Amino acid sequence: MLKSVNCGELDEGHIATQPTLAGWVARRRDHGGIIFLDLRDRSGVVQVVFNPEQSPEAYRVAEQARSEWVLQVAGTVSRRPAGSENPAMPTGNVEVMASTARVLNSALTPPFYIADDVEVDESLRLRYRYLDLRRPVMQRNLILRHRVVKFIRDFLDARDFLEVETPILIKSTPEGARDFLVPSRMQKGSFYALPQSPQQLKQLLMVAGVERYFQIARCFRDEDLRADRQPEFTQLDLEMSFVDQEDILALTEALYTQMVETVTPEKQIIKPFPRLTYDEAMTRFGSDKPDLRFGMEMTDVTDLAKETQFRVFQTTIEKGGIIKGFVVPGQAGYTTQQVRDLEQAARDAGAAGLSHLRLRGTGPLGGLKDEDVVISAGLRMPLEWTRRLAERMGARRGDMVLLMAGPPKQCNQWLSTLRHQLGQKLGLADPNLLALAFVTDFPLFDWNEESKRWDSAHHPFTAPAEGEEALLDQFKPGDDMSRLRSRAYDLVCNGSELASGSIRIHRPELQEKVFTILGYTKEQVKAQFGHLLEAFEYGAPPHGGIAPGIDRLVTILTGASSIRDVIAFPKTQSGADLLFGAPSAVDAHQLRELGIRLVE
RNA sequence: GGCCCGGUGGUGUAGCGGCUAACAUACGGCCCUGUCAAGGCUGAGAUCGUGGGUUCGAAUCCCAUCCGGGUCGCCA
């Protein structure tokens, strides 16, 4: 080794030792007669002192050295002179008096500072990702990610799970996200697909008798990107035989609880995890992934709204829409401008508008007078109505009430967006609290208006809720399948979906029934899913699983603002790798070998 | 595909119809033995993403386009 100790590990215990260090020059402070270099490696930074009277050769190296040069330094650790300690540095009580120094490599002036407190354009960071990753905060993200994955492996290994690798080149299926395709050279005109997840493979492993499977699996989906979505991402893929939903949820809860307590003990979690049904989550929070760190639960007031003369409410209700809203506690003092900003935020979220009430003063609602009520134009109603509304929504004097009108699905979505924004803005969302919770009883099917047919809400292998299989048997085209529940569940945290899973169908005749409802012909089922259905004929055990997203989890644990900050080499929103320049054109002969011709 | 935000020395920003395009920092040189975002002096460095247009005159206004970010659609 070119070094005997790591920079960031030096402390008083090393005083008078003579270590050899190696690392990058983080800072250089040249006082003319004495030079301080902050030397950085993965472990941290330590100050090295170069004194020309003590070691002129080392001093000459320090004179030459610049930011990001790679140095090897030998010297003596000593306590810093009284008064010159730096409490901001973990190694700030000591320093290394250099006796020899060697330049291992020089460096160009980097395009941006290698430091945490510097905001740099993200495309520049991505183009020089190897420099960006030198920043301590990025190193911490990589290290935390490693610890998370390490914890998962140890945890599952201790519980008899087998890590099994599955192929990256598989068969394209029409269900779900758009596939990334890989052309076959040996069978021109045919394509592999990259797996959206190892879903069918892990079910086949259950038929194979593996019983407990997991994999840290790379998944690929050719869909548009977001702050929390990359075209390739990592899941803990997990499947168990001979289990019911409760077994999977209990395992997941134990895994996350122990992981957080081990890896990020400074984070608080709610024990046991709250559980909401999908319907409950939608009713109370307008979202299937609610942020449970704060209240502001929603109330449907369509019936009360009907009593008003407000045109927007009336026409919305006539068209089957709802009027729903929530209380912002203690914010009756919002100014007209702040309310206008909220209205704009609502419109940005897609809503047509936003109504509000501000209930001024204190004391019981009974004491409310007309002059205490500041209300949106068009909503002015007798005090008695205002009191009933406030009571229903749980508003007190001093609070602000926000109301929206719209079709149920959209209205919920807009309200949920607004609720999250306010939760952040008002500081109600504690960054150290991980409000992990299960959402259960998802619908089995969603109506797809575009293709005029039923889609799987989760995926087509999801088992219907207990007791609802009979409804499937009676299915006729045209039936409303939207009330059918499934044995699908999500793990959510602070407003994002962290994991998704279900108990699977293991009987071929039920599986075929679901495919029929999804609109597949017998031939299509055979062509697309025949391998799975055939396997199920050979004694498929009851099974189920879950697939937690690793990237999103680490994003939340690190407090990163984007999934890209916890992936070593992520892609931009247009799917580009700015470091490699991918995707890129390929040689004509490569295309010819694959039997591919480009169209203009 | 829609909507929103951004693109000005290496970096981060200011400038929003008339400037020699400003500031900070990084970078080069000189001075400086206890700093830690060291300090002082000094120097070099941008035709303002790209292409059109309007105008006597465009970083600034208009159109198109590219790139980055957020979001809706999409993501079983």
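A quick note: this is a predicted structure, and the numbers were derived from the prediction, not measured. Reminder, nothing fancy here: chain letters follow the sequence lines and each chain counts from 1.
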**Study point:** Identity of whatever pairs with rC75(B) - Watson-Crick or G-U, under 3.5 angstrom
**Key:** none
Point to revise | Nearest-Å distance once atom P is located in both rC5(B) and rA64(B) | key: 15 Å
**Study point:** Carboxylate-amine/guanidinium proximity below 4.0 Å for R229(A) and E497(A)
**Key:** no
Review point. Which whole-number value in Å describes the distance from D228(A) CG to rG70(B) P?
Key: 9 Å
Check your understanding: When rounded to the nearest Å, what value does the distance between P atoms of rG70(B) and rC56(B) take?
Key -> 43 Å
Check your understanding: What interatomic distance, in whole Å, is found between C1' of rG53(B) and the corresponding atom of rG17(B)?
Key -> 15 Å
Exercise for review: Could you state the atom-to-atom distance from CZ of F50(A) to P of rG34(B) in whole Å?
Suggested key: 17 Å
Study note, to complete from the structure: So the salt bridge (Lys or Arg N to Asp or Glu O under 4.0 Å) pairs with at least one residue in residues 193-203 of chain A (sequence neighbours excluded) are K202(A)-D237(A), K202(A)-E239(A)
Practice item. Using atom CG of D565(A) as one end and atom C1' of rG70(B) as the other, report the distance to the nearest whole Å. Key: 15 Å
Review point. Taking only residues two or more places apart in sequence or in another chain, which ones pass salt bridge (Lys or Arg N to Asp or Glu O under 4.0 Å) with D41(A)?
Key: K3(A)
Practice item. Just call it for A349(A): base, sugar-phosphate, or nothing, with non-hydrogen atoms closer than 4.0 Å on any strand. Key: nothing
Point to revise | Nucleotide opposite rG6(B) in a Watson-Crick or G-U pair, distances under 3.5 Å | key: rC67(B)
Practice item. Using modelled atom types only, decide if a donor and an acceptor are shared between the side chain of D551(A) and the backbone of T234(A) within a distance under 3.5 Å. Key: yes
Review point. Taking atom P of rG70(B) as reference, at what distance in whole Å does atom CD1 of I563(A) sit?
Key: 11 Å
Exercise for review: Describe the nucleic acid contact of Q410(A) in one word from base, sugar-phosphate, nothing, applying a heavy-atom distance below 4.0 Å.
Suggested key: nothing
Between the protein and nucleotides 7-13 of chain B, are there any N/O to N/O pairs under 3.5 Å, and if so, what are the atom names and distances?
from	atom 1	to	atom 2	distance (Å)
rG10(B)	O2'	P111(A)	O	3.1
rU11(B)	O4'	P111(A)	O	3.4
rG12(B)	OP1	D121(A)	N	2.8

Check your understanding: Relative to the ring of Y128(A), is the ring of Y130(A) parallel (under 30°), tilted (30 to 60°) or perpendicular (over 60°)?
Key -> perpendicular
Exercise for review: Determine the contact category for R564(A): base if any of its heavy atoms lies under 4.0 Å from a base atom, sugar-phosphate if only primed atoms, P, OP1 or OP2 are that close, otherwise nothing.
Suggested key: sugar-phosphate
Study note, to complete from the structure: With sequence neighbours left out, the residues meeting ring pair (Phe, Tyr, Trp, His ring centres under 6.0 Å) with Y520(A) are F515(A), F529(A)
**Study point:** Pair listing, ring pair (Phe, Tyr, Trp, His ring centres under 6.0 Å) test, anchored in residues 481-505 of chain A, at least two apart
**Key:** none
Review point. Quantified in whole Å, what is the P atom distance between nucleotide rC27(B) and nucleotide rG12(B)?
Key: 16 Å
Study note, to complete from the structure: note: Q424(A), atom CD; rG70(B), atom C1'; distance rounded to Å ~ 14 Å
Review point. When you measure from the side chain of A227(A), which nucleotide among rG68(B), rU35(B), rU71(B) comes out closest?
Key: rU71(B)
Exercise for review: Provide the Watson-Crick or G-U wobble partner of rA22(B), both distances under 3.5 Å; none if there is no partner.
Suggested key: rU13(B)
**Study point:** Separation of atom CG in L578(A) from atom P in rC67(B), rounded to whole Å
**Key:** 11 Å
Point to revise | R178(A) or S123(A), whichever maps to the more 5' nucleotide of RNA chain B | key: S123(A)
Review point. For the side chain of R226(A) and the base of rG69(B), is some donor closer than 3.5 Å to an acceptor across the two?
Key: no
Revision key, fill the gap. Hits for side-chain hydrogen bond (donor to acceptor under 3.5 Å, both in side chains) against S584(A), two or more places apart or cross-chain, chain-then-number order -> none
Check your understanding: Can you tell if the side chain of M481(A) reaches within under 4.5 Å of the side chain of L444(A), non-hydrogen atoms only?
Key -> no
Practice item. Could you give the distance separating rG10(B) and rU55(B) at their C1' atoms, to the nearest angstrom? Key: 35 Å
Exercise for review: Mind listing the residues from residues 500-515 of chain A sitting with a heavy atom below 4.0 Å of RNA chain B? Number order is fine.
Suggested key: none
Practice item. Not counting sequence neighbours, list each pair that qualifies as a salt bridge (Lys or Arg N to Asp or Glu O under 4.0 Å) and has a residue in residues 54-64 of chain A. Key: none
Study note, to complete from the structure: note: L131(A), atom CG; rA26(B), atom C1'; distance rounded to Å ~ 14 Å
Point to revise | G-U wobble or Watson-Crick pairing nucleotide for rG28(B) (cut-off 3.5 Å, both distances) | key: rU42(B)
Study note, to complete from the structure: Atom CG of L225(A) and atom C1' of rG1(B) are separated, to the nearest Å, by 16 Å
Point to revise | Whole-Å C1' distance, rC48(B) and rA58(B) | key: 11 Å
**Study point:** Closest-nucleotide ordering on RNA chain B, the 5'-leading residue of Q413(A) and R66(A)
**Key:** R66(A)
Exercise for review: Sequence neighbours left out, what passes side-chain hydrogen bond (donor to acceptor under 3.5 Å, both in side chains) with D38(A)? Give chain and number order.
Suggested key: R29(A)
Review point. For Y278(A), which residues count as a ring pair (Phe, Tyr, Trp, His ring centres under 6.0 Å) partner, sequence neighbours excluded?
Key: F442(A)
Exercise for review: Would you kindly check whether a donor in the side chain of R229(A) faces an acceptor in the base of rC74(B), or vice versa, at under 3.5 angstrom?
Suggested key: yes
Check your understanding: Which value, in whole Å, describes the distance between the C1' atoms of nucleotides rG9(B) and rG28(B)?
Key -> 15 Å
Point to revise | P gap between rC41(B) and rA59(B), integer Å | key: 33 Å
Point to revise | F36(A) and its side chain to side chain contact (heavy atoms under 4.5 Å, CB included) partner, picked from Q47(A), R28(A), R27(A) | key: Q47(A)
Point to revise | Residue list, ring pair (Phe, Tyr, Trp, His ring centres under 6.0 Å) with H14(A), at least two apart or on another chain | key: none
Exercise for review: Just call it for S197(A): base, sugar-phosphate, or nothing, with non-hydrogen atoms closer than 4.0 Å on any strand.
Suggested key: base
Exercise for review: Find the partner of rG34(B): check Watson-Crick (N1-N3 plus N6-O4 or O6-N4) and G-U wobble (N1-O2, O6-N3) distances, both under 3.5 Å, and reply none if neither fits.
Suggested key: none
Review point. Which nucleotide sits closest to the side chain of T572(A): rC27(B), rG68(B), rC75(B)?
Key: rG68(B)
Check your understanding: Tell me, for nucleotides 36-48 of chain B in 5' to 3' order, what letter each nucleotide earns: B for a base near a protein heavy atom under 4.0 Å, S for only sugar-phosphate near one, - for neither?
Key -> BSB----------
